[in-house]
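Below is one structure; the comments refer to it alone.
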Amino acid sequence: MPSVRELSSQLVVNPRTVWQAYQELEREGVLYVRRGQGTFVSPDVRADRRAVAREVAKRALLEARRSGLGVEELMETIRKVANEEVEEPLVPAPSAKPASSSKRGDGK
Amino acid sequence: MSGGDAVTTHGLCKRYGGETALEEVNLRVPEGGVYVLAGANGAGKSTTLKVLMNLERADAGTAEIQGLDTVRRGPEARAQVGYVPERPGHGYGWMTCRSLMKHVSAYYATWDHAYADRLSLAFGLGLDRRAGTLSKGESRRLQLVLALAHRPPVLLLDEPTDGLDPVVRSRTLSLLAEHLADTPTTILISTHQIHELESLGDHVGILLQGRLVAQMSRDELQRTVGRYRVEVPSGWQATHELHAAGVLSSGAREAQWTLVGDQRELVDRLTLAGAHVREVESLALADAVHAFLAQEVTR
C-alpha cells in the first residue's frame, strides 16, 4: 500500500482521514503493518473472500432448491445473467483497488 | 496533538466607514484542524485573516494564535504563522525570488532550506526572476513557498489557489496534503473553491455579511445539512415553510429538498406534513455550505 503521506497527497485527502482508514482496515485484518517496510494487504483477505463466496453460494443453492431449481440450471442462469450485466458486474474484480477497500472501511 | 484551539477570536468587530466588515466573530480553529472559511465576496474572510496578522486593527474584540494575543504579542504570534495574503505584492519587488527567500529565511529559525528548494522546484518557480516581475499565479506560488518553508504551526491561507492554472492548483493541493502529513499544522484557509477542499477540510466556518453564521466540524455539517427524498400523495402541496426551504425537484409523487437542521426533527416535520421520507442523502462540502447560505439569506 502507498504510505499515508503518498496517498493523501495523491487523493488530496486529509492525512488524518487516510490514517484512520488504514487503522480501521488494520483492525479488520485487511491490512497489516511491517515496521520500517510499510503497510501491506493481508493474505487472509483472499481466504475471507473465498469464505464469503461459499456463503453466497450456499444461500443461492438454498433458494434454488426451495424454488425447485436444479444446481445446473442455477449455474447456467447465473452465468447468463452475469454476461448480460457486463456493463455493471454484480461481482467486483478480485483485485480490488485500495480506494474501494478504504471506502468499504469508512462505511462501517 | 492536544485538543486545544490554535486560532481563536472573541467578539471581533470591524467597520470600514459605514460598512460592517466583521460583527461579533468568534472563531475557533482546533489545533491540527483544516478549517475552511467560506463566504461570498466581501463577507469578511480576508478581513478576518488580516486582523489575525495584525494588518488590520479590529474595532472591538481580541484574537489569539497559539494562545498569543495578536496585538499585544503580535511578533511572537506572527512567528508561528505562514501567511498567504489575498493579493500579491510584498514591497520587495526588486529582489530576485532567491534573495527574497534568503531574506525571509533569516526571520525564521525553523526555515527548511532543502524544503524551500523542493517546493520551488515543484512549483516551477524561476529563482532568478525578480519578485516584482512575476505574474499573479507565479506570485501566489512564491508566497506559498515562503509560507510553507519554515514549517509554521499555523498556516493562514487567503485564497491560496486563486490565479493558479488547473495543473498548479491540483499540485498545490497535493503539496498541502503532503505538508500536513509531514508537519503538524493547523490550517485556516479562506476560499471560493470549496470543492477543492472536499476531503482536506475537517472544519468549516461560514461568513455572511461579516457574521459567522455557522461553525462546525465536517461531521457535524454532514449531519446538519441533507438532501431529503420524499414520497408524497398525489395532489400534495408543500407547506409554505418547505417551499421557502427550496424545492430541488418535484415530480408527481416524489420531491427532493435540501434542508438544514436536526435530521430527526426534519423527518418528523415532513411526516407530519403528509410526506414519506424515503432517503436522506449527505451533501458534498460545497453543496452543504451553499445550502447553509441559502437558508440564512431567506431567514
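In what follows, chains carry the letters A, B, and so on, assigned in the order in which the sequence lines appear, proteins first and then strands, with residues in each chain numbered from 1.
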Give a yes or no on whether the backbone of B:Asp202 and the side-chain of A:Arg16 come within a donor-acceptor separation of less than 3.5 Å. no
Whether over 12 other heavy atoms sit under 6.0 Å from [X] [atom1]:
X: A:Glu76; atom1: CD; answer: no
X: B:Trp111; atom1: CH2; answer: yes
X: B:Arg28; atom1: CZ; answer: no

Between B:Ser199 and A:Val12, which heavy-atom pair has the shortest distance, and what is it? CB-O, 3.6 Å
Can you check whether anything in residues 282-292 of chain B gets within less than 4.5 Å of chain A, heavy-atom wise, and list it by number? none
Out of the candidates B:Val34, B:Leu180, B:Asp182, only one should pair with A:Pro15 under the side chain to side chain contact (heavy atoms under 4.5 Å, CB included) rule; please name it. B:Leu180
Just how far is it from atom [atom1] of [X] to atom [atom2] of [Y], taken to the nearest 0.5 Å?
X: A:Leu11; Y: B:Leu200; atom1: CG; atom2: CG; value: 11.0 Å
X: A:Ser8; Y: B:Leu173; atom1: OG; atom2: CG; value: 12.0 Å
X: A:Ser9; Y: B:Arg171; atom1: OG; atom2: CZ; value: 11.0 Å

Salt bridge (charged side-chain N to carboxylate O under 4.0 Å, His left out) contacts in which one or both residues fall within residues 186-197 of chain B, not counting sequence neighbours: B:Arg169-B:Glu196
